[in-house]
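Step one of this worksheet: look at the structure below.
Residue numbers begin at 1 in each chain, while the letters A, B, ... track the order of the sequences. Source: prediction; values computed, not measured. The figures that follow rest on heavy atoms only: side chains count, while hydrogens, waters and symmetry mates do not.
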Amino acid sequence: MNYLRIKKNREFLKIFKRGIRVHSPALSLILFPSGTMRMGIALSKKHGKAVERNRIKRLIRESFNKNLHMLQKNWAVVVLPRVADGYSFKTFEKSFIICFKKVNGWGK
RNA sequence: UGAGUUAAUCAUACGGUCGCGGGCCGCGAAAGCGGCGUGAGGAAAGUCCGAGCAUCCCAGGGCAAGGGUGCCUGCUAACGGCAGGUGGAGGCGACUUUAAGGAAAGUGAACAGAAAUACACCGCCGCGCAUUUUUGCGCGGUAAGGGCGGAAUGGCGAGGUAAGAGCUCACCGUUGUUUCGGUAACGAAGCAAGCCAAUUAAACCCCACCCGAUGCAAGAUUGGGACGUAUGCUCGCUUAAAUGCGGAGACUGCCCGUCUGCAUACGUCCGUUAAUAUCGCUUGAGCGCAUGGGCGACUGUGCGCGUAGAUAGAUGACCGUACACGACAGAACUCGGCUUACAGAUUAAUCUCAAACC
RNA sequence: AGGAGCAUAGCUCAGCAGGUUAGAGCACCACCCUGAUAAGGUGGGGGUCGGUGGUUCGAGUCCACUUGCUCCUA
């Protein structure tokens, strides 16, 4: 299963404006219908210094890639992690599973 | 044994499964697939300096302004960095630390205080007058004492004096000078002056030396280019005409000097579409070892090594083992420094101090 | 990533070539005025000048480091 990255600021703004939001304990998703599977991550300085932000991106990419097969449709997804004291792979994975179940639910 | 000082190194390690960015090789028309190997730091950080590199009508000379540096000698591509030394400060010591030019070029310096380079408030002393005495008033001397203050006529002792005072003398300090040592900063010794010239320059300032601006979001390639015409910038005179002169503009300001079109639209000819692109983009004042020179920073020679290049931005997830249970922290054009953050671990000193023992 | 700035009372801002006590407006409190409120008048409280260190007799001001925030450059 492959996906493309969302890179242009224009695309991010479009998804922020018109996308559908799904929430879970560790992160929120904004989804928008798309022809190909695409994903982008939005982080701010509030999440920590450069080392911490890089680590969050790695954890999200890893857990997203691992659980991507659950989605039945192609979406453009923007991932918004919540600001917390610590971040771990397990909490992100759990939150992705919760979100993907919700998405598949209202797909039917 | 305890407490220190200085210098240096490392920055969890190993194995398995899955995954990511470059590179090379193979297969493939391509998309892609497979294999091999490689992939963050001592500070990658702050952006405080110095360079390379790039662009800017290439920046040339003089004066001015602005900014920076400031003991000496070296090192370096260069530096505001480093090394070695000098003076000051701190420590019993090993050692550490230091923006350290000039106050006899000039200006300024609140409040307090009589006075801030100086003018006597209290006090001390002398003289005159008054007064029985005590004492009071006036004139003068005096910087030893009190008081004010961050700072009060160099400090301390002796002589001296009416009382005092470098007024005189010894010692110390200061300044000047001579000799010696040192490349020099400076040091040592001698002689002289008798203190004139307080402090403050991270206050203005003066002196010496240095500095073009902007930064890879620089910039290059292509997104069209060449020629002609018109209009605008663009002001005056002149001319068919940016033709010529002046003005104007650019080179931070002025003088000299140099340079002068640019933009837009239309027409003709040549060329052909990708901008989320390609290059810049990583081999460089490189790193390690040996050896020669130098107290050292550093450097000559020889041998060896091949060392990230991303672009919403690559190092992660899970499992196992070990222990001291893992700090600060992520390359973004590249180097040399400085500064700041940081759990700890290890090593080296004919290093220092204290205690005990021999 | 590169570059430029700002920080002073609850809020918005002054503050000189370093000097005695850091000001102004709004807001707050008390009183006056009114039958009562607003407006107006009088008086008052509130500041380790973002932090640490240095220079100086003395630092909001000068210097160094540091923290937070803002803006510009595709």
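Phe92(A) places its CZ atom 12 Å from the P atom of C318(B), with the value rounded to the nearest Å. One can place NZ of Lys49(A) at 9 Å from P of G46(B), the figure rounded to the nearest angstrom. Put simply, CD1 on Ile30(A) is 15 Å from C1' on A312(B), counting in whole angstrom units. With rounding to whole Å, Arg38(A) atom CZ is found 13 Å from U276(B) atom C1'.
Evaluation of the ring pair (Phe, Tyr, Trp, His ring centres under 6.0 Å) rule for Phe92(A) yields no partner, not counting sequence neighbours. With sequence neighbours excluded, the residues satisfying side-chain contact (heavy atoms from CB on, under 4.5 Å) with Glu62(A) are Phe89(A). Every residue two or more places apart in sequence or in another chain that forms a side-chain contact (heavy atoms from CB on, under 4.5 Å) with Arg82(A) is listed here: His23(A), Ser28(A). With sequence neighbours excluded, the residues satisfying side-chain contact (heavy atoms from CB on, under 4.5 Å) with Ile98(A) are Ser24(A), Pro25(A), Lys102(A). Taking Phe100(A) as the reference, Phe96(A) meet the ring pair (Phe, Tyr, Trp, His ring centres under 6.0 Å) condition, with sequence neighbours excluded. The side-chain contact (heavy atoms from CB on, under 4.5 Å) test applied to Ala50(A) returns Arg53(A), not counting sequence neighbours.
Rounded to whole Å, the P atom of G336(B) lies 9 Å from the corresponding atom of A44(B). The C1' atoms of U234(B) and C245(B) are separated by 16 Å, rounded to the nearest whole Å.
Here salt bridge (charged side-chain N to carboxylate O under 4.0 Å, His left out) pairs that include residues 23-41 of chain A, with residues two or more places apart or in two chains, are Glu11(A)-Arg38(A).
Listed by first residue number, the stems of RNA chain C with at least three Watson-Crick or G-U pairs below 3.5 Å are C:1-7 with C:67-73, C:10-13 with C:23-26, C:28-32 with C:40-44, C:50-54 with C:62-66.
Here the straight-line distance linking atom SG of Cys99(A) with atom CG of Asn104(A) works out to 11.5 Å at 0.5 Å rounding.
Residues of residues 51-63 of chain A that place a heavy atom closer than 4.0 Å to RNA chain B, in numerical order, are Val51(A), Asn54(A), Arg55(A), Arg58(A), Leu59(A), Arg61(A), Glu62(A).
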